[in-house]
Amino acid sequence: MTVSDWINISLSILSFILAVISVVTVVITLRQNHKMIEESNRPYITVYGDETNFSSPQFYLIIKNFGKTGAIIESLDCDIDLSKYSYQTGITPFQNIVGTLIAPNQNFVCNIDNMQLGADKVDVINFTIKYTANGKVYCEKYPVNYSALKKNITTKVSTKDKELKAISYALQEMVQKDL
């Protein structure tokens, strides 16, 4: 073999190696892009608590989809018996949520008895929610820190009449929450 044959063989081998490296790099990049697109477009369903105070403090549990796709709720588990904190006997908050499609930015809100939560000295309510979207199953755990919310103090401007006071509080609450 001549020197030029060796150079051609070496160049062919180097070209092949560079082609393989390029293909592997492209495949890795495509997988990463696919994963990033999937993560940015998936549903993100959360469970959290919030409060309002129109004339007396009220505590709410909220299930909301912060993602960009809808999902079907497969299960919702709570570490306490929510029926004990329902304002209506025989009704458990979110008892029929399983099997429900929750669209992007949709939420389900349930008012629960904050006086009873306080009397029972409940500080944290732990939720586990399982949901499916696009053939994937997601399972998330959320602690709702009731004691952090109940100890937040907000002041309101008082008005002369009770009706006006309630309207005033409601408007202030909406502004405060940026609804």
Novice: Among Ile, Leu, Val, Met, Phe, Trp and Tyr joined by side-chain contacts under 4.5 Å, find the other residues sharing a cluster with Val20 and list them by chain and number.
Specialist: Phe16, Val24, Ile28

Novice: Quick one: closest heavy-atom pair of Gly49 and Val144, and the distance?
Specialist: N-CG1, 3.6 Å

Novice: Counting distance only, does the side-chain N/O of Asn126 pair as donor-acceptor with the main-chain N or O of Asp79 below 3.5 Å?
Specialist: no

Novice: Between atom CD1 of Ile63 and atom CD1 of Ile102, what is the distance when rounded to the nearest 0.5 Å?
Specialist: 6.5 Å

Novice: Would Tyr142 and Ile73 show up in the same hydrophobic cluster when neighbours are defined by side-chain heavy atoms closer than 4.5 Å?
Specialist: yes

Novice: Could you give the side-chain donor-acceptor pairs of residues 103-117 under 3.5 Å, partners two or more places apart or in another chain?
Specialist:
residue	atom	partner	partner atom	Å
Gln106	OE1	Ala103	N	2.8
Asn111	ND2	Gln58	OE1	3.1
Asp113	OD1	Met115	N	3.0
Asp113	OD1	Gln116	N	3.2
Asn114	ND2	Pro57	O	3.3
Gln116	NE2	Asp120	OD1	3.0
Gln116	NE2	Asp120	OD2	3.3

Novice: State yes or no: do Leu18 and Ile9 share one hydrophobic cluster built from I, L, V, M, F, W and Y residues joined by side-chain heavy-atom distances below 4.5 Å, directly or via other members?
Specialist: no

Novice: Side chains of Asp50 and Thr52: donor-acceptor distance under 3.5 Å anywhere?
Specialist: no

Novice: Which distance, rounded to the nearest 0.5 Å, do you find between the CD1 of Ile7 and the CG of Leu14?
Specialist: 12.0 Å

Novice: Okay, side chain of Asn8, backbone of Ser12: is any donor-acceptor separation there less than 3.5 Å?
Specialist: no

Novice: Distance from Cys139 atom SG to Ile45 atom CD1, nearest 0.5 Å?
Specialist: 11.5 Å

Novice: Which heavy atom of Glu140 sits nearest a heavy atom of Arg42, and at what distance?
Specialist: OE2-NH2, 3.1 Å

Novice: Taking atom NZ of Lys130 as the centre, report whether more than 12 heavy atoms of other residues, nucleotides or ligands fall under 6.0 Å from it.
Specialist: no

Novice: Please check: side-chain N/O of Ser86 versus main-chain N/O of Thr89, any donor-acceptor pairing under 3.5 Å?
Specialist: no

Novice: List the steps, then state whether side-chain contact (heavy atoms from CB on, under 4.5 Å) holds for Tyr85 with Val122.
Specialist: CA-CA 11 Å; Tyr85 305 102; Val122 174; 3.6 Å; yes

Novice: Looking at Leu76 and Phe127, what are the two nearest heavy atoms and their distance?
Specialist: CD1-CD2, 3.9 Å

Novice: Which heavy atom in Phe94 sits nearest to a heavy atom in Leu61, and how many Å separate them?
Specialist: CZ-O, 3.4 Å

Novice: Ile129 and Ile97: side-chain contact (heavy atoms from CB on, under 4.5 Å), yes or no, with the steps?
Specialist: CA-CA 11 Å; Ile129 188 164; Ile97 199 89; over 6 Å; no

Novice: Using a 3.5 Å distance criterion without hydrogens, assess whether the side chain of Tyr44 forms a donor-acceptor pair with backbone atoms of Glu39.
Specialist: yes

Novice: Mind listing the closest non-hydrogen atom pair of Ser40 and Ile37 along with its distance?
Specialist: OG-O, 3.0 Å

Novice: Rounded to the nearest 0.5 Å, how far apart are OG1 of Thr46 and NZ of Lys64?
Specialist: 8.0 Å

Novice: Write down the atom of Tyr146, the atom of Gly118, and the distance for their closest heavy-atom approach.
Specialist: CE2-N, 4.2 Å

Novice: So Ile80 and Leu82, do their side chains get closer than 4.5 Å, heavy atoms only?
Specialist: yes

Novice: Is it the case that the side chain of Tyr131 and the backbone of Gly70 share a donor-acceptor pair, with hydrogens and angles ignored and the cut-off at 3.5 Å?
Specialist: no

Novice: Quick one: pull up CD1 in Ile72 and OG1 in Thr100 and give me the separation to the nearest 0.5 Å.
Specialist: 9.0 Å

Novice: Report the relative orientation of the aromatic rings in Tyr48 and Phe66; use parallel for angles under 30°, tilted for 30 to 60°, perpendicular for over 60°.
Specialist: tilted

